[in-house]
Amino acid sequence: QSPHTEFWSRNKPNMPGLLLGDEFPNFEADTTIGRIKFHDFLGNSWGILFSHPRDFTPVCTTELACAAKISDEFKKRGVKMIALSIDSVEDHRNWSKDVMAFNSEAESALPFPIIADDKRELSVQLGMLDPDERDKDGMPLTARCVFVIGPDKKLKLSILYPATTGRNFNELLRVIDSLQLTAQKKVATPVDWKPGDKVMVIPSLSEAEATALFPNGVTTKELPSGKKYLRYTQL
Ligand code: BEZ
């Protein structure tokens, strides 16, 4: 049996995956800022935990460099950032210098910590491994996984990309804007929505409730079905 087959037969049953609304595990881990307990790290903030396959790899470097460049935007939204891969703290610290140099900011520190999961325990627990990407020993690498966690410590959003496809961190800011807005108001955000655009009234609200809730008015689009479900409002 190859190390890869042996690893998966042992660990796959322990990779149930997290569902939206699940409480995010309060794991302990070593990171570039020392040992953390995740819920204490988050405090009362929102959080974003994003994994990458490996330190010292090209796509990962571009992703973390972008995340660093726009970290103030996450801060503005009250979102604590933390990265993760199956490398050591020492590798993370050394690679962070490459990431910041890639941004032409070699003098600055990476503005968020990276979790060291060299034993792959957390990656198994959180369902982050990519069966198609292996290291030189045949062991699986972390996929490009993103979890957004609310101040109540519950999972609000997750995405999972393979190692070969880099993510769009500006899209993550856009979805956080939507998550934070829709946590407060009874609205949903349509395709390609950005802050300031019209939003949709959620289907569970009656016409009377919608009129009372949205003083700027509700516009209903006429559709062939005659059903009045496509309702916009401007907040
Ligand atoms: C990268 O970050 O470039 C990468 C890492 C693992 C597999 C493929 C690409």
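Note that ligands are numbered from 1 as they come in the structure, with each ligand's atoms numbered from 1 the same way.
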Looking at [X] and [Y], does any basic side-chain N land under 4.0 Å from a carboxylate oxygen?
X      : Y      : value
Lys76  : Glu73  : yes
Arg54  : Asp135 : yes
Asp72  : Lys75  : no
Glu207 : Lys228 : no

Practice task
Give a yes/no on ligand 1: does Arg54 have at least one heavy atom closer than 4.0 angstrom to it?
Solution key: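 Arg54 does not count as a contact of ligand 1 under the 4.0 Å cut-off.
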Exercise for the section: Compute the minimum heavy-atom distance from Arg134 to ligand 1 and say whether it is under 4.0 Å. Expected result: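 Contact check Arg134 vs ligand 1: negative.
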Problem - Proximal atoms of ligand 1 relative to Pro58 (non-hydrogen, under 4.0 Å) - result: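 Checking each atom against Pro58, I get 1 (C), 2 (O), 3 (O).
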Exercise for the section: Output the list of atoms in ligand 1 that are nearer than 4.0 Å to some heavy atom of Cys60, sorted by atom number. Expected result: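 In order of number, 1 (C), 2 (O).
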Exercise for the section: Kindly indicate whether the side chain of Phe7, heavy atoms from C-beta on, has any atom under 4.5 Å from the side chain of Arg134. Expected result: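 Not touching, per the 4.5 Å side-chain cut-off.
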Problem - Any side-chain heavy-atom pair of Pro131 and Pro140 under 4.5 Å - result: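 They are not in side-chain contact.
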Exercise for the section: Report the part of Glu133 in contact with ligand 1, treating N, CA, C, O as backbone and CB onward as side chain, heavy atoms under 4.0 Å; options are side chain, backbone, both, neither. Expected result: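 Contact part for Glu133 vs ligand 1: side chain (C-beta onward).
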Practice task
With heavy atoms under 4.0 Å as the rule, classify the contact between Pro53 and ligand 1 as side chain, backbone, both or neither.
Solution key: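 The answer is the side chain.
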Exercise for the section: Give yes or no for whether the N/O distance cutoff of 3.5 Å, strictly under, is met between Thr164 and ligand 1. Expected result: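 Not met; the criterion fails.
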What protein heavy atom sits nearest [atom], and how far off is it?
atom                   : result
atom 9 (C) of ligand 1 : Ala163 O, 3.9 Å
atom 4 (C) of ligand 1 : Arg144 NH2, 3.6 Å
atom 3 (O) of ligand 1 : Val59 N, 2.7 Å

Handout entry: The single option from Phe50, Phe169, Phe74 passing ring pair (Phe, Tyr, Trp, His ring centres under 6.0 Å) against Phe112
Key =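 Output: one option passes, namely Phe50.
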